[in-house]
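Proteins get letters first, then strands, A, B, ... in listed order; numbering begins at 1 in each.
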Amino acid sequence: MDQTANHIFRDLNEAQIDAVRHFTGPLLVIAGAGSGKTRALTHRIANLIETHNIDPYNILAVTFTNKAAREMKERLEILLAQKLSQNQFAQPWNTLNQADQNLLRNSIKEDKLKGLWMGTFHSLFSKLLRFDIETYQDPEGLTWNKHFSIYDESDSQSLVKEIINQELNLDPKQYEPKKIRWAISNAKNQCLSPKDLKKEAENHFENIIAACYERYKEALSRNNALDFDDLLLLPVLLLKQNSQIRDNWHRRFKHILVDEYQDTNQTQYELIKLLTTNSEDSKGFKNWDNRSIFVVGDADQSIYSFRAADFRILIGFQKDFDNDSKDQISLVKLEENYRSSSTIIEAANQLIANNTERIDKVLKPTKEKGDLISLTKCDDEISEADAITQKIRSFSSSGDKKFWNNYAILYRTNAQSRVIEQSLNRWNIPYTIFGGLRFFDRREIKDIIAYLRFLVNKSDDISLLRILNVPKRGIGKTSIQKLSQLSSQLNLNLWEIINNKETILSLIGRSSKGILEFSNLINELSAYLNNYGPAKLIQLIIEKSGYLSNLLTSATEESEERRRNLLELINAATQYQEENELGSIEGFLETAALSSEADKQQTNNRVTLMTLHNSKGLEFNTVFIAGLEQGLFPSYRSLDNPFALEEERRLCYVGFTRAKERLLLYHASERRLWGGDRETSIPSIFLSEIPKDLIKDEKQQYGGTSLRKDWHLERLPRIDRVESNTMFHKNPKNAVRRIYSGPAAGKEWKIKDKLIHTSFGKGEITHIFGKGSKISIAVKFDKVGSKILDPRLAPIRAI
DNA sequence: ATGTAGGTGGTTTTT
DNA sequence: CCACCTACAT
């Protein structure tokens, strides 16, 4: 083997070498969980560059998250720097000092990898659109320019809502904006135009949807804005209609790599096909000289069909990109798992074997058996959270002391995190949550981003409406109504009306002060647009708009938090400028719009809480999965749908295969779904699919010590409500017992009673304080000294 | 024009 | 349970 390429092929197995060595033509890499697919991808890119002298400018690499792109770039830098180290210093990489290493890495990054395009579908193709969107010829004559805004889901939804309310005068209760937005999104993902939808419409509702779609598309164009789907759909339409532009990009991207290919949708597939073959039909394409398409995926980990992903695209790969030369392989399987214990692998294999739609593939463990999989049945979601917390505490007190980042707690729905958080809080265990509210979705951040977006794109009415009266300028509903009316009558953007002093004075009259104030502000800020980067501009916006002084005067805990977040936003912009030489405002806005929770940097030494979806691609020493119950996981929506159920099973498979050493599964026999009624639940079908001999059934957990108390302390309003309940006064014990189903509820305790506590051991009661709902007892334990307990909550029993 | 009380309705999963 | 919306009071 080539001496210089040694570092590229070192420590790879046979199959990985096959993948990395692949040069031209199509190759499908089926990569099981933990089989080193990221390695295969990065090493192959390095091999293209070093061995085959491919200019990174000619490579397009698609990753599933921005974070994956970032990490892959870093690994690539190091790989390439290793060779440079030999050339420049004549010594191996790992003998260089940190400064020299950084020097080399930087030179690779700044010089060699300049032209490499690596990122998510959305970020890569919005980049492409910044170049070419102005050449797109829409059949309805709609246009966009390269300063387009990217609308997120809530922006899109409010646009749809506005159309339903204002333009079509429909009842939003009958025609839910959310559902209509979903239907439009679906159409876009199938490359259907409003006209197509109108033609296909078979009933009134479908006609309404088509009408909304048409107006929505016009509105987007008026606002010079695109939604997430457009970022993929428009490039497809553009590349299909304009062969010159298609030629251009086809010539440029000679080597295309796609990670997580099982989660691509039809539009994304079209894009890959167009760029790879330079024609709408890949069948006719046979010329693989100097070109390649390299996709990596695992059909068993396809979990995004709700987002129109379709793993049959992966299964069809070899047929789609048929290559002529029979001596070339077109399929490599990475089946050796380097991550998990063989117990975990076997459980995962057995589980996924219940699916019917699969590619022949089995994970082969390389590690020892390890611990059995732990299975715990809990009373309810509170004791479940508590059981997990106690488990983490016991692990971390023995052995892996305080390595909180060893642990991940995974769940099906975001709503499940709250109870777990409370339990972790109670025991001062540090954690971070991925998911829920994104940083860029916080109100204050969205406000400032809207300013920035509007400054760049003055057609963006949605952003304008968001900031017009934020902070308060005394511009109310009626004024806004008048303005919008005029804007649609004259077919002008809102800003063109607002920015006309005479119009405002005559139209609005006495309350025009705030609007004039606003237009002055915007004009002042616009003057800075070309002179400053995003960080400085954000700072100017915050100061000049009065947003900051507003936060400072209110001086509540909340406004303090908001202020901190805004500082964090400036930091993020500064960091963006440092990482991107151009540091353009559009670029920063794009990052803001397309960044996801999964991109968040892993914070050091905290327990990770996230949905199973978000855990894809990650690994943890110890994985807890909560809520393995029918109707929760698998989701109730999948119970009567075999395809959906198989996807849930794949999700479960993803969860299992995140664990390196320990996998702990939890289910509760009762669960409060939204604070309200308890519902009894039965264990998930997936639990029954794991071989019994791999499972250690832990003894049933009773209501734990922490959370019930926590509940008592933090949920005072709830307790108050119970106390003011007439039923409580009639029969206090009864009411209490209904809330706290603690094991010792209802027992009358006396001084000198002996008892046993599940974690403190044996003890004797020394004092009793209060009575009824306010009772607590002091217990002197043999081993841990005296403790004050609530006898109705503590896991104690008399002896 | 703005604030707040009370009602309503909603849960998968996300770029 | 909580976020969102509407209706009424200021």
Expressed as a whole number of angstroms, how long is the span from A:Lys179:NZ to B:dT11:C1'?
13 Å
Nearest-Å distance for atom pair NZ/P, residues A:Lys477 and B:dT2:
12 Å
Could A:Glu689 and A:Arg649 be called an ion pair, given the rule that one side-chain N must be under 4.0 Å from one carboxylate O?
yes
Counting C-beta onward and ignoring hydrogens, is there a side-chain heavy-atom pair between A:Gln266 and A:Ile313 closer than 4.5 Å?
yes
As a test of reading the structure: which of B:dT14, C:dC2, B:dT11 is closest to the side chain of A:Arg307, going by heavy atoms?
B:dT14
What is the separation between atom NZ on A:Lys446 and atom P on C:dA3, rounded to the nearest whole Å?
15 Å
Side-chain ion pair, A:Lys188 and A:Asp227, N-O less than 4.0 Å
yes
A:Asn550 CG - B:dT2 C1' separation (whole Å)
13 Å
Hey, is the side chain of A:Asn614 poking within less than 4.0 Å of OP1 or OP2 on B:dT13, counting only N and O atoms?
no
Tell me the interatomic distance from A:Gln422, atom CD, to C:dC1, atom P, rounded to whole angstroms.
10 Å
Take atom NZ in A:Lys127; do more than 12 heavy atoms of anything else shown fall under 6.0 Å from it?
yes
Distance test, side-chain N/O of A:Asn265 to OP1/OP2 of B:dT15, below 4.0 Å
no
What is the separation between atom NZ on A:Lys616 and atom P on B:dT14, rounded to the nearest whole Å?
12 Å
Counting only side-chain N and O atoms of A:Thr611, is one of them less than 4.0 Å from OP1 or OP2 of B:dT14?
yes
Atom CG of A:Asn186 and atom C1' of B:dT15: how far apart are they, to the nearest Å?
15 Å
Is there a side-chain polar atom (N or O) of A:Lys178 under 4.0 Å from OP1 or OP2 of B:dG9?
no
P-based separation of C:dC4 from B:dT13 [nearest Å]:
15 Å
